[in-house]
Amino acid sequence: MSVVDKYINYVKEEAIHQPEKSWDKMVLGFKANKLKMKLLPKKGMAKGYQKLESLMMSFVADSLGKRGSYVWGNIFAPCEILQCFGLNTLSIECLACYFTGYHLEDYFIDCAQNSGIATTLCSYHKTFVGAVESKVVERPEYAVTTSLSCDGNLNTFRYLDKKMGVPYTFLDVPYSDDEESIQYLADQLRQLVTDLEDRFGQKFDEEKLRKTIRIENETRRDLKEFFELQTKHYYPGELISQLYMMMGTHLLIGTEEFRDLIKFMIEDIKTYPEFTGKKILWIHLLPFYQESLSKYFNENPDYQIIASDIIIDYMEEMDEKDPFTALAKKVIHNLYNGSYSHKAKMVGTLAKDLEPDAVIHFCHWGCKQASGGSILLKEKMQQMGIPMLILDGDGIDKRNSHDGQIKTRLEAFLELIEAEEKVC
């Protein structure tokens with residue numbers, strides 16, 4: 001057993017038997033992994049994805065290692081505003097994924113369910129709730145969440161406030177895209193600024209927000225170029241690379257560090273060979289631990305995930321002159337806001353731009369929208385002549401995913417799209 005595995009097992013046992021003492025050791029492990037990423041990058045992975053993984057590990061490790069430097073949120077919380085206060089937004093869904101590094105997801109999920117949390121709740125939320133229930137995690141000063149896109153958000157953050165006394169702001173996101181709805185959300189964002197000023201004793205600088213939006217616009221333009229290049233070049237990454245990219249586009253968007261990384265990736269990908277395999281557009285969450293999926297999508301020149309809808313869920317230009325209205329529009333226009341027919345239409349636009357050979361929709365356990373709306377998307381893809389596979393599983397809880405079934409269905413689907421090309 002390696003030193004790393006021994007440390008993982010040690011922290012896991014401590015989290016179960018002496019939870020109050022485990023948090024600092026868990027954060028120390030994240031910091032050690034951060035150094036490992038920089039000193040010993042993964043062989044075979046593209047340099048850009050190596051740097052992305054290192055950046056996101058540093059982001060989480062450095063944030064957790066400095067008390068008072070972060071707030072809890074969901075991935076749609078307005079990180080741009082929080083950055084103006086020197087605060088990082090740590091998504092509870094992403095943190096739940098990081099806990100899996102210590103193989104604690106089963107234990108935390110069981111803790112949550114034993115405390116009365118419904119088994120049907122999203123397992124990302126159950127993992128985080130269980131970490132709180134087991135007294136492993138330390139509380140931050142504040143939390144921010146939105147009604148987009150998971151109906152579990154409000155209840156989870158209410159629970160965190162009740163259990164740990166973490167005050168939070170809940171942003172109620174309208175479905176309607178009209179001026180009244182946009183200003184309704186913009187006013188909530190202005191109130192969030194006032195609450196943060198009172199909570200952290202800092203004066204808000206609106207020019208910082210305008211600068212953040214300028215950087216975000218530049219980054220988003222660069223992201224468009226990168227994803228277009230990824231349809232043409234083989235750029236070896238892993239399933240988890242898509243998770244890190246999702247974290248970047250939601251938790252670090254508007255920062256110079258993430259912008260500079262995407263610029264590097266644009267130049268780096270141009271040095272890689274032409275991609276001649278099958279281009280996959282991924283929909284919804286990515287079960288990065290799944291063995292069969294990893295086999296086909298980790299550094300495989302035959303199949304490449306060229307983009308994911310949850311990474312590029314908003315790609316419009318933002319008006320820096322009216323930053324609160326711009327942020328309100330960003331959230332309301334998000335691909336995940338509103339009815340699933342709205343999402344299907346926007347995914348159709350993505351597919352038209354990126355021209356994938358196939359679409360894979362992962363229906364995560366506990367996500368009612370994904371399961372209920374996937375057929376609408378499949379009908380849209382059929383109209384466009386794009387093959388689509390619907391996979392059922394769990395993004396984090398291995399007990400809800402059956403690798404054998406996923407392997408059988410995935411291989412049959414890949415054989416199908418290969419055979420269609422030969423017929424054509």
If you look at every heavy atom in [X] and [Y], which pair is closest and at what distance?
| X | Y | answer |
| --- | --- | --- |
| Asn298 | Leu239 | OD1-N, 2.8 Å |
| Ser308 | Leu286 | OG-CD1, 4.2 Å |
| Lys295 | Asn300 | O-ND2, 3.8 Å |
| Phe288 | Ser294 | O-OG, 3.5 Å |
| Ala186 | Phe324 | CB-O, 3.8 Å |
| Tyr235 | Asp268 | OH-OD2, 2.7 Å |

With distance as the sole test, does [X] use its side chain to make a donor-acceptor pair with the main-chain N or O of [Y] at under 3.5 Å?
| X | Y | answer |
| --- | --- | --- |
| Arg259 | Ile215 | no |
| Ser22 | Val11 | no |
| Gln188 | Asp172 | yes |
| Arg139 | Gly165 | yes |
| Arg409 | Ile390 | yes |
| Glu53 | Tyr244 | no |
| His233 | Leu229 | no |
| Glu93 | Asn74 | no |
| Gln50 | Lys42 | yes |
| Lys126 | Ile117 | no |

[X] versus [Y]: any side-chain heavy-atom pair under 4.5 Å?
| X | Y | answer |
| --- | --- | --- |
| Leu160 | Tyr168 | no |
| Phe227 | Ile311 | yes |
| Ile360 | Met388 | no |
| Leu52 | Phe258 | yes |
| Leu95 | Trp72 | yes |
| Asp313 | His250 | yes |
| Glu218 | Lys263 | yes |
| Met37 | Asn33 | yes |

Distance in Å, [X] [atom1] paired with [Y] [atom2], rounded so as to fall on 0.5 Å steps:
| X | Y | atom1 | atom2 | result |
| --- | --- | --- | --- | --- |
| Glu257 | Ser58 | CD | OG | 10.5 Å |
| Asn9 | His103 | CG | NE2 | 6.5 Å |
| Thr100 | Asp106 | OG1 | CG | 10.5 Å |
| Ile417 | Leu389 | CD1 | CG | 9.5 Å |
| Thr349 | Ile312 | OG1 | CD1 | 11.0 Å |
| Asn114 | Ser134 | CG | OG | 11.5 Å |

Open item on the list: One pair to check against side chain to side chain contact (heavy atoms under 4.5 Å, CB included): Phe157 and Phe170. What are the steps and the verdict?
Closed with: CA-CA 8 Å; Phe157 281 80; Phe170 175 72; over 6 Å; no

Task: Verdict with reasoning, Met56 to Leu252, per side chain to side chain contact (heavy atoms under 4.5 Å, CB included) - done: CA-CA 9 Å; Met56 297 319 305; Leu252 279 175; 3.7 Å; yes

Looking only at side-chain N and O atoms, does [Y] offer a donor or acceptor that is under 3.5 Å from a partner on [X]?
| X | Y | result |
| --- | --- | --- |
| Ser123 | Asp397 | no |
| Tyr142 | Thr169 | yes |
| His361 | Ser374 | no |
| Tyr159 | Glu133 | yes |
| Tyr336 | Asp309 | yes |
| Ser401 | Tyr289 | yes |

Is the count of non-hydrogen atoms from other residues, nucleotides or ligands lying under 6.0 Å from [X] atom [atom1] greater than 12?
| X | atom1 | value |
| --- | --- | --- |
| Lys47 | NZ | no |
| Lys279 | NZ | yes |
| Lys329 | NZ | no |
| Glu291 | CD | no |

Would you mind checking if [Y] and [X] are paired as a salt bridge, meaning a charged N to carboxylate O distance below 4.0 Å?
| X | Y | answer |
| --- | --- | --- |
| Arg220 | Glu216 | yes |
| Lys270 | Glu267 | yes |
| Asp110 | Arg399 | yes |
| Asp62 | Lys34 | yes |

Task: Ring center gap for Tyr102 and Phe30 short of 6.0 angstrom - done: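 Yes: the rings meet the under 6.0 Å criterion.
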
TODO: Determine, using ring centers only, whether Tyr175 and His342 are less than 6.0 Å apart.
DONE: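 Judged by ring-centre distance (under 6.0 Å), His342 and Tyr175 do not meet the cut-off.
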
- [ ] I would like to know whether Ile396 and Phe99 meet side chain to side chain contact (heavy atoms under 4.5 Å, CB included); could you show each step before the answer?
- [x] CA-CA 10 Å; Ile396 195 168; Phe99 294 154; over 6 Å; no

Residues 79-87 side chain polar contacts: donor-acceptor under 3.5 Å, at least two apart:
residue : atom : partner : partner atom : Å
Glu80   : OE2  : Lys330  : NZ           : 2.6
Gln83   : NE2  : Ile253  : O            : 3.2

Open item on the list: Using 30° and 60° as the class boundaries, would you call the ring planes of His364 and Tyr124 parallel, tilted or perpendicular?
Closed with: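 Plane angle between 30° and 60°, so tilted.
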
Task: Full working for salt bridge (Lys or Arg N to Asp or Glu O under 4.0 Å) between Glu317 and Arg221 - done: CA-CA 8 Å; Glu317 192 86 1; Arg221 289 191 292 268; 2.7 Å; yes

Open item on the list: My understanding is that only residues two or more places apart in sequence, or in another chain, count here; which of them pass side chain to side chain contact (heavy atoms under 4.5 Å, CB included) with Val173?
Closed with: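 With neighbours one apart ignored, the set is Thr146, Ser147, Leu148, Leu185, Val331, Ile332, Asn337.
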
Open item on the list: Could you check whether Lys25 makes a cation-pi contact with Tyr10, meaning its NZ or CZ is under 6.0 Å from the centre of the six-membered ring and within 45° of the ring axis?
Closed with: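 No.
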
Open item on the list: As a quick check of understanding, evaluate side chain to side chain contact (heavy atoms under 4.5 Å, CB included) for Lys278 and Asp302, giving each step before the final call.
Closed with: CA-CA 6 Å; Lys278 295 299 182 183; Asp302 296 325; over 6 Å; no

Open item on the list: What verdict does the salt bridge (Lys or Arg N to Asp or Glu O under 4.0 Å) test give for Glu411 and Lys407, after you've listed the backbone C-alpha separation in whole Å, the side-chain angles of each residue and the deciding distance to 0.1 Å?
Closed with: CA-CA 6 Å; Glu411 290 182 346; Lys407 181 175 185 290; 3.2 Å; yes

